[in-house]
Asks: 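My questions will all concern the structure given below.
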Amino acid sequence: MNIEQKLSDKTVEALEKLYGATIDKASFEKTNPDFTGDLTLVVFPFLKVSKKKPEDTANEIGNYLKENVAEIASFNVVKGFLNIVIGDTFWLNYFKSINGKSLLHPAPENNQVVMVEYSSPNTNKPLHLGHVRNNLLGYSVSEILKAAGNKVIKTNIVNDRGIHICKSMLAWQKWGNGETPESCGMKGDHLVGKYYVEFDKHYKAEVKELKAKGIPDAEAEKKAPLMLEIQNMLLKWEANDKEVRSLWEMMNGWVYKGFDETYKMLGVDFDKIYYESNTYILGKNIIDEGLAKGVLKRRPDNSVYADLTPDGLDEKTLLRADGTSVYMTQDLGTALERAKETGFDKHIYTVGNEQDYHFKVLFLILKKLGYKWADGLYHLSYGMVELPEGKMKSREGTVVDADELMEEMIATAKKTAEELGKAQDLEEADKQQLYRTIGLGALKYFILKVDPKKKMLFNPAESIDFNGNTAPFIQFNYVRIRALLRKAKEGMLNFDDINVFIHNVTLLPKEKELLIKLYNFNTTVQQAAAEYSPAVIANYVYDLAKEYSQYYHDTPILKEEKKDLILFRLQLSSDIGNAIKTGMSLLGIEVPERM
RNA sequence: GAUUCCGUAGCUCAGCUGGAUAGAGCAACUGCCUUCUAAGCAGUAGGUCGCGCGUUCGAAUCGCGCCGGGAUCACCA
């Protein structure tokens with residue numbers, strides 16, 4: 001049982017015995033660093049039952065706890081604050097208990113099936129910074145949920161069909177001259193993206209021309225020849241036209257190859273990939289079911305809708321008058337399909353906050369339809385990535401490309417390392433690997449340390465930092481630990497048998513703080529899982545690394561005179577290294593051995 | 001207009017299930033490399049926690065109202 005729980009239970013007991021009061025639980029919090037103690041109980045809420053002054057109440061509870069909880073070394077009272085000091089013995093026992101083990105101990109009873117959907121790209125253009133945030137979040141949340149004891153299925157739904165896909169296809173057909181990724185040396189997704197832009201350019205020119213002839217805006221946009229052509233192409237696609245389909249398959253193939261490279265570089269992956277070309281028809285069964293149950297209604301023109309006005313939302317159309325379905329219909333169908341397929345307990349959609357309304361409606365309709373699993377649906381809604389001048393706009397060319405961004409980060413890592421004279425004795429291949437680890441680490445940490453639901457700012461003019469609250473700083477501390485351990489090994493120091501050296505250890509204040517931090521590792525992972533927030537992990541790992549950095553600076557480890565202390569400090573460092581490595585892996589960030 | 005998210009140091013962010021004097025990093029300025037990796041450590045300076053009212057022994061944190069910003073409110077995806 002953890003110490004906070006024990007203290008809480010005993011406090012409840014104390015209140016009962018001292019004042020005859022029944023209280024559910026008493027919560028302790030971390031003692032403010034300016035005061036002596038490890039855990040603090042605020043006694044103000046108990047004055048009602050004690051009918052005594054804050055100081056007296058705190059002292060009485062303190063005395064009771066001291067007598068009944070062996071781990072307590074001492075306590076002090078400041079106004080209404082009861083500060084508890086936990087003895088070294090407790091922390092040293094904890095230290096022994098984690099020796100050589102993983103810090104993670106997932107709760108098996110928590111073993112739920114969780115689907116995490118993320119990425120969801122369109123196959124008409126390459127991935128950009130917004131996708132990067134999505135991918136990193138989805139991947140990291142998946143890792144965190146796994147660490148918290150869930151069975152996670154990572155999924156991706158690829159938007160591979162529709163009018164926007166036809167745009168790049170048509171443009172390539174018209175102006176591509178048979179260009180392929182091989183022939184021009186361009187990554188497939190970038191090549192297709194180029195033709196998407198190309199389409200837009202010609203289309204705009206046509207619209208402008210029509211407008212010049214005095215045709216109203218809306219009509220010009222609809223009547224432009226290129227618009228009519230892609231609409232025709234979409235119809236052909238839906239009719240399974242051989243020529244259109246093979247063009248579609250070829251160009252999507254290029255895109256997938258490009259995406260695979262980007263995903264690989266980002267370090268994300270999926271257990272199951274869905275394609276909208278297979279799922280867009282889904283959902284019609286649900287309509288029939290909904291109509292039968294009376295959840296959905298039919299209008300005179302034959303269109304079908306869900307009336308959500310009683311819930312403070314609008315009417316949502318699910319089937320057009322012509323019988324075709326809309327985006328929402330697909331999502332209803334896909335959710336049902338997945339529920340049948342996997343029997344998930346939870347399903348997390350990693351999608352930007354611009355779709356908050358969409359998911360509200362989606363979940364509500366599924367609940368109204370009476371599906372139990374609908375309670376397990378969750379929209380992991382994250383804020384947009386903005387540039388100093390505002391939103392990224394592909395039309396204005398202000399989109400930050402994912403591949404380019406990663407390249408730049410790696411190049412900056414290289415440049416910085418060379419300036420600092422780092423890693424000079426490494427093999428060339430190891431150097432390249434190191435620059436990747438550092439550059440991509442910096443990028444990932446920069447994005448993940450921010451609370452997902454907040455919008456975040458990215459300034460391309462200022463490169464992402466490598467100092468301070470960053471991945472390279474955390475990696476650096478890991479590297480220092482690894483260097484110590486290598487040297488210890490060379491010096492034949494054997495710290496395997498913890499029982500030999502632990503008896504002669506008195507904890508320094510910093511060592512105790514570090515042990516407390518390690519002790520909180522699992523709680524932190526659980527919290528991050530509950531909040532679906534990698535930022536919780538990022539902040540934890542940074543705090544730990546920062547504390548260690550101070551410790552490392554102030555405390556001799558290999559240079560310590562007493563051998564038992566050397567061994568203790570090495571083992572402590574090693575444990576911290578493990579915590580850093582594990583924590584970073586939950587963010588999808590690697591740590592190097594040297595840098 | 002309605003719904004919703006956000007507003008903390010010059011900048012980027014923590015803290016928010018109410019608790020003690022609001023924390024980091026960057027940028028600025030000062031020190032510290034013949035001692036375990038200086039991508040580091042220590043220090044100085046920088047805040048009416050958007051504004052007001054309320055609840056409370058206690059509010060950055062909870063509630064209400066303003067002000068400012070974003071997003072959404074299609075038989076688009």
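These figures come from a predicted structure and were not determined experimentally. Proteins come first, then strands; the chains are lettered A, B, ... in the order of their sequence lines, and each starts at number 1.
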Asks: Among B:rC13, B:rU37, B:rG70, which nucleotide has an atom closest to any side-chain atom of A:L457?
Replies: B:rC13
Asks: Distances for protein N/O vs nucleotides 3-7 of chain B N/O pairs under 3.5 angstrom?
Replies:
{"from": "B:rG7", "atom 1": "OP1", "to": "A:K454", "atom 2": "NZ", "distance (Å)": "3.4"}

Asks: Just checking A:N83: base, sugar-phosphate only, or nothing, at a heavy-atom cut-off of under 4.0 Å?
Replies: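 The answer is base, as A:N83 lies within the cut-off (heavy atoms under 4.0 Å) of a base atom.
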Asks: Between CG of A:L586 and CD1 of A:I144, what distance do you get to the nearest 0.5 Å?
Replies: 6.0 Å
Asks: Under 4.0 Å between a side-chain N or O of A:T317 and OP1 or OP2 of B:rC75?
Replies: yes
Asks: Once you apply a heavy-atom cut-off of 4.0 Å, does A:Y305 come out as touching a base, just sugar-phosphate, or nothing?
Replies: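 Touches nothing.
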Asks: Distance check, C1' atoms only: B:rG43 and B:rG52, in whole angstrom units.
Replies: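 Between the two C1' atoms, the distance is 39 Å.
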Asks: Could you walk me through whether A:R569 and A:E511 pass salt bridge (Lys or Arg N to Asp or Glu O under 4.0 Å), step by step?
Replies: CA-CA 9 Å; A:R569 289 172 186 173; A:E511 288 169 339; 3.1 Å; yes
Asks: Show the nearest heavy-atom pair for residues A:K444 and A:L587, with the distance to one decimal.
Replies: CD-O, 4.4 Å
Asks: Under 3.5 Å, side chain of A:N134 to main-chain N/O of A:T350, donor-acceptor pair present?
Replies: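 Yes, because the side chain of A:N134 sits within donor-acceptor range (under 3.5 Å) of the backbone of A:T350.
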Asks: Between A:F466 and A:F473, is the ring centroid distance below 6.0 Å?
Replies: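 No, the ring centres sit 6.0 Å or more apart.
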Asks: Heavy atoms within less than 4.0 Å of RNA chain B: which residues of residues 433-452 of chain A have one? Give them sorted by number.
Replies: A:I438, A:V450, A:D451
Asks: Measure across A:V326 and A:T317 and return the closest heavy-atom pair with its distance rounded to 0.1 Å.
Replies: CG2-O, 3.5 Å
Asks: Are more than 12 heavy atoms from other residues, nucleotides or ligands located less than 6.0 Å from atom NZ of A:K449?
Replies: yes
Asks: Output the single nucleotide from B:rA39, B:rG25, B:rG19 whose closest atom is nearest the side chain of A:F466.
Replies: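 Out of B:rA39, B:rG25, B:rG19, the nucleotide with an atom closest to A:F466's side chain is B:rA39.
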Asks: A:K559 side chain: which of B:rA77, B:rU37, B:rC36 is closest?
Replies: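 Output: B:rC36.
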Asks: Does a nitrogen or oxygen in the side chain of A:N467 sit under 4.0 Å from OP1 or OP2 of B:rG25?
Replies: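 So the side-chain polar atoms of A:N467 never come under 4.0 Å of the phosphate oxygens OP1 or OP2 of B:rG25.
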Asks: Evaluate whether atom CD of A:E561 has more than 12 neighbouring non-hydrogen atoms of other residues, nucleotides or ligands under 6.0 angstrom away.
Replies: no
Asks: So, using ring-ring contact (aromatic ring centres under 6.0 Å, His included) as the criterion, who are the partners of A:F46 when residues are at least two apart?
Replies: none
Asks: Rounding to the closest angstrom, what is the interatomic distance between B:rG18 and B:rA2 at atom C1'?
Replies: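 Looking at atom C1' only, B:rG18 and B:rA2 are 32 Å apart.
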Asks: Check every strand shown and say whether A:M456 touches a base, only sugar-phosphate, or nothing at a heavy-atom separation below 4.0 Å.
Replies: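 Contact class for A:M456: sugar-phosphate only.
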Asks: Expressed in angstrom and rounded to an integer, what is the separation of A:M328 atom CE from B:rC73 atom P?
Replies: 10 Å
Asks: If you define the side chain from C-beta out and look only at heavy atoms, does anything of A:F28 sit under 4.5 Å from A:T11?
Replies: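 They are in side-chain contact.
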Asks: Mind checking whether A:Y349 and A:F359 have ring centres under 6.0 Å apart?
Replies: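 Yes, they do, as the ring centres are separated by less than 6.0 Å.
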Asks: Check this for me: does the side-chain of A:D322 come within 3.5 Å of the base of B:rC75 through a donor and an acceptor?
Replies: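 Under the 3.5 Å cut-off, the side chain and the base do not form any donor-acceptor pair.
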Asks: Within 45 degrees of the axis of the six-membered ring of A:Y280 and under 6.0 Å from its centre: does A:R161 put its NZ or CZ there?
Replies: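 Verdict for A:Y280: a cation-pi partner in A:R161.
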Asks: Heavy-atom count around A:K414 NZ within 6.0 Å, excluding the residue itself: above 12?
Replies: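 Counting other residues, nucleotides and ligands, NZ of A:K414 stays at 12 neighbours or fewer.
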Asks: Looking only at atom C1', what distance separates B:rG69 and B:rU30, rounded to whole Å?
Replies: 39 Å
Asks: If I pick the C1' atom on B:rU21 and the same atom on B:rG15, what distance separates them, to the nearest angstrom?
Replies: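 One C1' to the other, the span is 15 Å.
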Asks: Look at the side chain of A:A417 and decide which nucleotide, out of B:rA39, B:rA77, B:rA71, has an atom nearest to it.
Replies: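 My answer, after comparing the listed nucleotides, is B:rA39.
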Asks: Just checking A:A535: base, sugar-phosphate only, or nothing, at a heavy-atom cut-off of under 4.0 Å?
Replies: nothing
Asks: Using the P atoms only, state how far B:rU8 lies from B:rC62, rounded to an integer number of Å.
Replies: 15 Å
Asks: Spell out, as yes or no, whether a donor-acceptor pair under 3.5 Å connects the side chain of A:N32 to the backbone of A:F35.
Replies: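 Here the side-chain-to-backbone pair does not exist.
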Asks: Would you tabulate the pairs of protein nitrogen or oxygen atoms and nucleotide nitrogen or oxygen atoms of nucleotides 41-45 of chain B closer than 3.5 angstrom?
Replies:
{"from": "B:rC41", "atom 1": "OP1", "to": "A:S549", "atom 2": "OG", "distance (Å)": "3.2"}
{"from": "B:rC41", "atom 1": "O2'", "to": "A:H553", "atom 2": "ND1", "distance (Å)": "3.0"}
{"from": "B:rA42", "atom 1": "OP1", "to": "A:Q550", "atom 2": "NE2", "distance (Å)": "3.1"}

Asks: Could you run through RNA chain B and flag its stems, i.e. three or more consecutive Watson-Crick or G-U pairs with both distances under 3.5 Å?
Replies: B:1-7 with B:67-73, B:10-13 with B:23-26, B:28-32 with B:40-44, B:50-54 with B:62-66
Asks: Around A:K510, counting heavy atoms of other residues, nucleotides and ligands shown, do more than 12 lie under 6.0 Å from its NZ?
Replies: yes
Asks: Answer syn or anti for B:rC29, where the cut-off is 90° from 0 on the glycosidic torsion.
Replies: anti
Asks: Say we look at B:rC33 and B:rG70: how far apart would their C1' atoms be, to the nearest angstrom?
Replies: 48 Å
Asks: With a cut-off of less than 4.0 Å, is there a side-chain N or O of A:K422 near OP1 or OP2 of B:rA38?
Replies: no
Asks: What is the distance, to the nearest angstrom, from the CD1 atom on A:I163 to the P atom on B:rA74?
Replies: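 Spelled out: CD1 on A:I163 to P on B:rA74 is 21 Å.
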Asks: The side chain of A:E354 is closest to which nucleotide in this list: B:rA20, B:rA71, B:rG25?
Replies: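 For A:E354, the side-chain atoms sit closest to B:rA71.
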Asks: Is A:L484 touching bases, backbone alone, or none of the nucleic acid, heavy atoms closer than 4.0 Å?
Replies: base
Asks: Which residue is it: A:N83, A:V85, A:T40, A:N59? I am looking for the one with a side-chain contact (heavy atoms from CB on, under 4.5 Å) to A:F75.
Replies: A:N59
Asks: Looking across every strand, which nucleic acid part, if any, lies under 4.0 Å from A:T40 by heavy atom: base, sugar-phosphate, or nothing?
Replies: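 Contact class for A:T40: base.
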Asks: Quantified in whole Å, what is the P atom distance between nucleotide B:rC66 and nucleotide B:rC29?
Replies: 46 Å
Asks: Can you figure out which of B:rU37, B:rG19, B:rA39 approaches the side chain of A:P472 most closely?
Replies: B:rA39
Asks: How would you label the contact of A:V326 with the nucleic acid (heavy atoms, under 4.0 Å): base, sugar-phosphate, or nothing?
Replies: sugar-phosphate
Asks: How far apart are the closest heavy atoms of A:I557 and A:S573, and which atoms are they?
Replies: CD1-OG, 3.9 Å
Asks: Please classify the nucleic acid contact of A:D301 as base, sugar-phosphate, or nothing, using heavy-atom distances under 4.0 Å.
Replies: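 A:D301: base contact, heavy atoms under 4.0 Å.
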Asks: Compute the ring centroids of A:H358 and A:Y327, then answer whether they are less than 6.0 Å apart.
Replies: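 Ring centroids of A:H358 and A:Y327 are less than 6.0 Å from each other.
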Asks: Looking only at side chains, do A:N122 and A:N159 share a donor and an acceptor under 3.5 Å apart?
Replies: yes
Asks: Of the options B:rA77, B:rU37, B:rC75, whose atoms approach the side-chain atoms of A:E276 most closely?
Replies: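 Nearest to the side chain of A:E276 among the choices is B:rA77.
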Asks: Strictly under 3.5 Å: I want the nitrogen or oxygen pairs between protein and nucleotides 54-64 of chain B, one per line.
Replies:
none

Asks: Among B:rU21, B:rC36, B:rA77, which nucleotide sits nearest the side chain of A:D34?
Replies: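 Between B:rU21, B:rC36, B:rA77, the one nearest the side chain of A:D34 would be B:rU21.
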Asks: Taking the minimum atom-to-atom distance to the side chain of A:D314, which one of B:rA14, B:rC73, B:rC75 wins?
Replies: B:rC73
Asks: For B:rG31 and B:rA38, measure between their C1' atoms and round to the nearest Å.
Replies: 13 Å
Asks: Could you tell me whether A:T412 contacts a base, only the sugar-phosphate backbone, or nothing, with contacts defined as non-hydrogen atoms closer than 4.0 Å?
Replies: nothing
Asks: Run the salt bridge (Lys or Arg N to Asp or Glu O under 4.0 Å) check on A:E55 and A:K79 step by step: do they pass?
Replies: CA-CA 5 Å; A:E55 289 83 352; A:K79 292 187 280 182; over 6 Å; no
